[in-house]
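Structure, as C-alpha cells:
Numbering of residues begins at 1 and proceeds along the displayed sequence. All values below come from the heavy atoms of this structure, side chains included, with hydrogens, waters and symmetry mates left out.
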Amino acid sequence: MSSRVKYTRTIEIVVRRGEFADNTALMLAFKPNGSTHDAQYPICWKTAEFSAKEPGSTQVIYENQLVFGYPGMNEEGTVVEGLTTWSKIDPDYKTSLTQKDDHVRVFTDPPVKGQTDAVSVENMTDDHHDIALGFILEGHQQIPTPMIMFDNIDAGSTVAVEFVPKVSAYVTSRYRRGAVLRDPIKTPADSENPDGVETPEIWSANLADLKEHTLLMFTKNPVSGVYSLKRAMLF
C-alpha cells in the first residue's frame with residue numbers, strides 16, 4: 001500500500017490537586033470530515049472521570065494506520081462494541097465489503113488503487129450496511145479503534161474519505177467509549193434538564209499538527225466556571 005510516513009501521537013491530560021470541587025468527566029471524539037457520504041457520525045474515543053479535589057491523569061495514543069471495519073453493535077444499536085471484521089487502508093487505496101454464501105462479511109485484502117488522497121470503501125453486498133473508519137496501533141494489541149460511523153451505505157456504493165484526524169474534547173459523563181454520537185453532544189439528564197444540555201467543545205486539534213507527545217492541563221476557571229484544556233510544557 002502507500003509509502004506515506006506513519007506517525008503516532010500521544011496526548012496526556014493532567015488535572016492538578018484541588019482543581020475541581022466535584023467529580024468531572026471528559027470525553028474525546030474525532031470529527032467527521034472529508035467524506036462523500038452525508039450520514040457520518042463521530043464515535044466516542046475516550047472517556048475519563050477525574051475525582052473531586054484529587055490529582056489525576058489520562059492518556060490517549062493515535063496512529064495514522066487507518067482501517068475500515070464492520071461494526072459489532074450493542075442491542076440498542078447505539079454503541080460500537082468492536083469491529084467484527086476489518087482491513088487496513090491507506091490514502092489512495094480502496095477496499096470492499098463482501099458477503100460470502102454463509103453470510104460472513106469480509107473486506108477484500110489487499111486493497112486496490114482508489115481515489116487520490118482518500119481512503120475508500122465499496123459496499124459490494126446486496127444490502128445497505130453501516131461501516132466504520134478507525135485506526136490501529138501497530139506493534140500493540142491488534143484491536144482497531146473505531147472513529148467515524150458511516151450509516152446505511154447503499155449496495156454498490158463507494159464512500160471516499162480524505163480523512164483529517166481532528167479531535168474535540170467535551171465535558172460530559174453522558175457517554176461511554178464506542179457510543180455513536182448521532183445527536184448534539186449533551187450533559188447527562190437530571191431533574192432540571194431531563195434531556196440534558198448541549199455542551200460545547202472545550203478543545204480541538206488536528207493530531208497531525210501536534211508533536212509526538214503533548215501534555216494538556218485540564219482546568220476550570222474559578223470565576224467564570226469555564227473549563228479548558230491548555231498545552232503545558234513537557235519536562
Side-chain angles (χ1 to χ4, degrees), residues 1-2 4-7 9 27-46 60 62-73 77-99 105-125 127-136 144-170 175 177-185 201 203-210:
M1 281 194 294
S2 171
R4 293 169 189 250
V5 175
K6 293 292 192 292
Y7 64 82
R9 297 290 184 262
M27 182 192 76
L28 299 178
F30 287 87
K31 286 187 173 183
N33 60 83
S35 171
T36 58
H37 191 69
D38 291 334
Q40 53 175 329
Y41 305 99
I43 297 170
C44 176
W45 179 24
K46 176 73 174 182
V60 289
Y62 168 79
E63 183 171 338
N64 66 334
Q65 176 57 69
L66 302 179
V67 303
F68 277 118
Y70 194 83
M73 307 297 294
T78 57
V79 176
V80 180
E81 297 184 328
L83 300 182
T84 59
T85 182
W86 51 273
S87 176
K88 294 180 184 178
I89 193 76
D90 285 334
D92 305 337
Y93 284 83
K94 181 182 80 170
T95 185
S96 300
L97 179 67
T98 63
Q99 185 165 300
R105 302 178 188 94
V106 296
F107 288 90
T108 54
D109 188 52
V112 299
K113 274 291 187 178
Q115 181 177 317
T116 302
D117 295 328
V119 292
S120 303
V121 62
E122 181 179 6
N123 178 9
M124 292 184 64
T125 72
D127 200 357
H128 61 267
H129 288 288
D130 300 338
I131 296 177
L133 176 67
F135 72 91
I136 193 165
T145 297
M147 299 182 292
I148 308 293
M149 176 72 84
F150 299 98
D151 276 0
N152 294 311
I153 300 175
D154 290 334
S157 295
T158 296
V159 174
V161 189
E162 294 187 26
F163 181 70
V164 178
K166 295 179 179 178
V167 172
S168 294
Y170 305 84
Y175 309 96
R177 179 181 171 89
V180 182
L181 308 173
R182 293 188 173 93
D183 298 308
I185 310 300
E201 65 181 32
W203 176 83
S204 183
N206 178 353
L207 299 186
D209 294 337
L210 300 182

TODO: Would you sort out whether R177 and T145 count as a side chain to side chain contact (heavy atoms under 4.5 Å, CB included), showing the intermediate values?
DONE: CA-CA 10 Å; R177 179 181 171 89; T145 297; 3.7 Å; yes
TODO: Evaluate the ring planes of F30 and F163, with Trp represented by its six-membered ring, and classify them as parallel (under 30°), tilted (30 to 60°) or perpendicular (over 60°).
DONE: tilted
TODO: Salt-bridge test for D90 and K6: reply yes if a basic N is under 4.0 Å from a carboxylate O, no otherwise.
DONE: yes
- [ ] Look at the side chain of N64 and the backbone N and O of Y7, then say whether any donor-acceptor pair between them is shorter than 3.5 Å.
- [x] yes
Task: Side-chain donor or acceptor of S204 paired with backbone N/O of V167 under 3.5 Å - done: yes
- [ ] Look at the side chain of S87 and the backbone N and O of D109, then say whether any donor-acceptor pair between them is shorter than 3.5 Å.
- [x] no
Task: Pairing of E201 and K166 as salt bridge, 4.0 angstrom limit - done: no
Open item on the list: Walk me through whether Y170 and Y175 qualify under side chain to side chain contact (heavy atoms under 4.5 Å, CB included).
Closed with: CA-CA 11 Å; Y170 305 84; Y175 309 96; over 6 Å; no
Task: Under 3.5 Å donor-acceptor, H37 side chain and D151 backbone - done: yes
- [ ] Could you label the plane-to-plane angle of the H129 and Y70 rings as parallel, tilted or perpendicular, counting under 30° as parallel and over 60° as perpendicular?
- [x] perpendicular
Task: More than 12 heavy atoms from other groups under 6.0 Å of CG on D38 - done: no
Open item on the list: Determine whether a donor-acceptor pair (N or O, by modelled atom type, separation under 3.5 Å) exists between the side chain of T108 and the backbone of S96.
Closed with: yes
